[in-house]
Amino acid sequence: MTDLLSADLSSGRPSSASASGTQAATTDADAGTRRRVLDLVASAGPVSAAELAARLDLTSTGIRRHLALLEANEQIAVHEGRTGGPARRGRPARRYVVTHQGQEALAHRYSELAAQALRFLTETAGPQAVAQFAERRVHDLAARHLPAVAAAGDDVAARTRALADGLSADGYAATARPVPGATAVQLCQGHCPVQDVAHEFPQLCEAEARAFSDLLGVHVQRLATLAGGGHVCTTNIPTGLTPSRPALADGADAATPTSPAPVEGPSA
């Protein structure tokens with residue numbers, strides 16, 4: 001062993017042990033960067049390679065290498081359709097969104113166990129029990145984010161940004177995006193920890209939309225959900241109104257109007 005180490009040192013080459021350690025560190029760094037890319041595609045998608053490289057301070061070659069691996073693993077895909085931005089000459093840039101497999105890679109959840117529990121609740125206590133559970137779940141979410149939303153004042157766009165920041169901290173990869181040519185903002189959630197369960201139990205999505213309406217103090221409309229097949233959960237929020245005071249289930253002032261059932265489809 002001593003002779004091998006001496007030979008490695010005399011030749012100027014790292015030992016086999018140090019070489020494998022360097023390779024492992026490089027692999028870990030690549031995996032961490034790839035996770036950052038996937039996180040950003042979830043929160044900012046549809047997003048181009050150039051935008052990702054600028055946000056993550058990566059070279060064009062580096063970002064394309066990570067995107068190629070994520071695409072090969074079917075964790076991201078090229079978005080089909082217009083993005084709502086200004087038209088550009090020449091061939092449009094490929095813009096990426098997270099796939100279902102990518103959502104699963106981002107998640108740490110026990111979705112099947114949760115679905116089984118809700119099925120049992122439905123069988124033993126009826127569908128209304130699931131609706132009550134959904135309301136309790138989002139009541140806790142609303143109570144957690146109410147102070148930050150209220151501190152944003154009466155500007156609905158600012159309140160939405162505060163809510164998006166809070167949801168991102170909760171793991172929803174949320175952003176608030178102005179709608180070009182409209183007095184509105186879209187609250188986009190690139191990740192949902194209960195996506196698979198909500199596909200079977202849409203009461204979770206419906207209760208969440210009502211909680212957003214109560215928090216923001218305006219009527220909101222769900223345009224798309226991950227559970228319904230969209231690449232992002234999109235909630236349209238009008239910004240030209242003065243918000244009413246948020247209402248929570250344990251007795252704040254008058255409640256705001258609740259939104260209708262979600263309408264599935266592509267985001268604007």
Decide yes or no on side chain to side chain donor-acceptor pair (under 3.5 Å) for Gln101 and Glu74, but give the supporting numbers first. CA-CA 6 Å; Gln101 288 91 328; Glu74 299 184 346; 3.2 Å; yes
Evaluate Asp196 against His100 for side chain to side chain contact (heavy atoms under 4.5 Å, CB included), listing each step before the verdict. CA-CA 10 Å; Asp196 291 341; His100 180 73; 3.0 Å; yes
Side chain to side chain contact (heavy atoms under 4.5 Å, CB included) assessment of His191 paired with Tyr172: CA-CA 5 Å; His191 176 60; Tyr172 287 85; 5.7 Å; no
Stepwise side chain to side chain contact (heavy atoms under 4.5 Å, CB included) test for Leu223 and Gln186: CA-CA 9 Å; Leu223 301 179; Gln186 287 185 350; 3.5 Å; yes
Applying side chain to side chain contact (heavy atoms under 4.5 Å, CB included), run through Leu187 and Val220 and close with a yes or a no. CA-CA 10 Å; Leu187 177 63; Val220 307; over 6 Å; no
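At a threshold of 4.5 Å between non-hydrogen side-chain atoms, the residues Val41 and Leu52 count as touching. In this structure, Val179 and Val185 have side chains that are not in contact, with every pair of non-hydrogen atoms separated by 4.5 Å or more. Within the 4.5 Å cutoff, no side-chain heavy atoms of Phe201 are placed close to those of Val194. Side-chain contact between Leu67 and Val37: present, with at least one pair of heavy atoms (C-beta onward) separated by less than 4.5 Å. Considering only heavy atoms from C-beta on, His231 stays 4.5 Å or farther from Val98 through its side chain. Within the 4.5 Å cutoff, the side chain of Leu70 has heavy atoms near those of the Arg34 side chain. Contact annotation: the side chain of Val97 never approaches that of Val232 to less than 4.5 Å [non-hydrogen atoms, C-beta and beyond]. Contact check for His145 versus Leu141: side-chain heavy atoms found under the 4.5 Å cut-off.
Using a 4.0 Å cut-off between a side-chain N of Lys or Arg and a carboxylate O of Asp or Glu, Arg222 and Glu208 qualify as a salt bridge.
When atom types are taken as modelled, the side chain of Ser213 and the backbone of Val218 share a donor-acceptor pair closer than 3.5 angstrom. Of the possible polar contacts, none joining the Glu206 side chain to the Ala134 backbone as a donor-acceptor pair under 3.5 Å is found. Checked by atom type and distance alone, the side chain of His199 pairs as donor or acceptor with a backbone atom of Ala227 at under 3.5 Å.
For Ala152, the side-chain contact (heavy atoms from CB on, under 4.5 Å) criterion is met by Ala158, Arg159, Ala162, not counting sequence neighbours. Contacts of Leu121 classified as side-chain contact (heavy atoms from CB on, under 4.5 Å), with partners at least two apart in sequence or in another chain: Leu118, Ala125, Ala129, Val130, Phe133. With sequence neighbours excluded, the residues forming a salt bridge (Lys or Arg N to Asp or Glu O under 4.0 Å) with Asp39 are Arg35, listed by chain and number. Under the side-chain contact (heavy atoms from CB on, under 4.5 Å) criterion, Ala169 pairs with no residue, sequence neighbours left out. Considering only residues two or more places apart in sequence or on other chains, Glu200 meets the salt bridge (Lys or Arg N to Asp or Glu O under 4.0 Å) condition with Arg119. By the side-chain contact (heavy atoms from CB on, under 4.5 Å) test, Ser168 pairs with Ala174, sequence neighbours left out. In this structure Arg177 satisfies the side-chain hydrogen bond (donor to acceptor under 3.5 Å, both in side chains) test together with Thr175, sequence neighbours excluded. With sequence neighbours left out, Glu51 forms a side-chain hydrogen bond (donor to acceptor under 3.5 Å, both in side chains) with Ser48, Arg95.
With rounding to the nearest 0.5 Å, the separation of OG1 in Thr160 from CZ in Phe212 is 10.0 Å. Between the CD atom in Gln221 and the OG1 atom in Thr235 there is a gap of 9.5 Å [rounded to 0.5 Å]. Taking OG1 of Thr59 as the reference point, atom CD1 of Ile63 lies at 8.5 Å (rounded to 0.5 Å). Put simply, CD1 on Ile76 and OG1 on Thr99 are 8.5 Å apart, with the number rounded to the nearest 0.5 Å. Atom OG1 of Thr33 sits about 8.0 Å away from atom CG of Leu56, to the nearest 0.5 Å. Rounding to the nearest 0.5 Å places SG of Cys233 at 7.5 Å from CD of Gln195.
In the hydrophobic cluster analysis, where Ile, Leu, Val, Met, Phe, Trp and Tyr join through side-chain heavy atoms closer than 4.5 angstrom, Leu40 is grouped together with Val78. Clustering ILVMFWY residues whenever any of their side-chain heavy atoms sit less than 4.5 angstrom apart, transitively, puts Leu58 in a cluster other than the one holding Leu69. Cluster membership check: Val149 shares its hydrophobic cluster with Val156, using side-chain heavy-atom separations under 4.5 Å among Ile, Leu, Val, Met, Phe, Trp and Tyr.
Residues Thr225 and Gly228 share a closest heavy-atom pair of OG1-N, 2.9 Å. Between Ala184 and Thr239 the shortest heavy-atom distance is N-OG1, 3.4 Å. Taking each heavy atom of Leu38 and Gly102 in turn, the nearest pair found is CD2-O, 4.0 Å. Closest approach of His79 and Pro46 over heavy atoms only: CD2-CG, 3.4 Å. Between Pro180 and Pro178 the shortest heavy-atom distance is CD-O, 3.5 Å.
Residue pairs that meet the salt bridge (charged side-chain N to carboxylate O under 4.0 Å, His left out) test with at least one member in residues 56-69, sequence neighbours left out, are Asp30-Arg65. Among pairs with a residue in residues 134-148, those fulfilling salt bridge (charged side-chain N to carboxylate O under 4.0 Å, His left out) read Glu135-Arg210, Arg144-Asp170, at least two apart in sequence or across chains.
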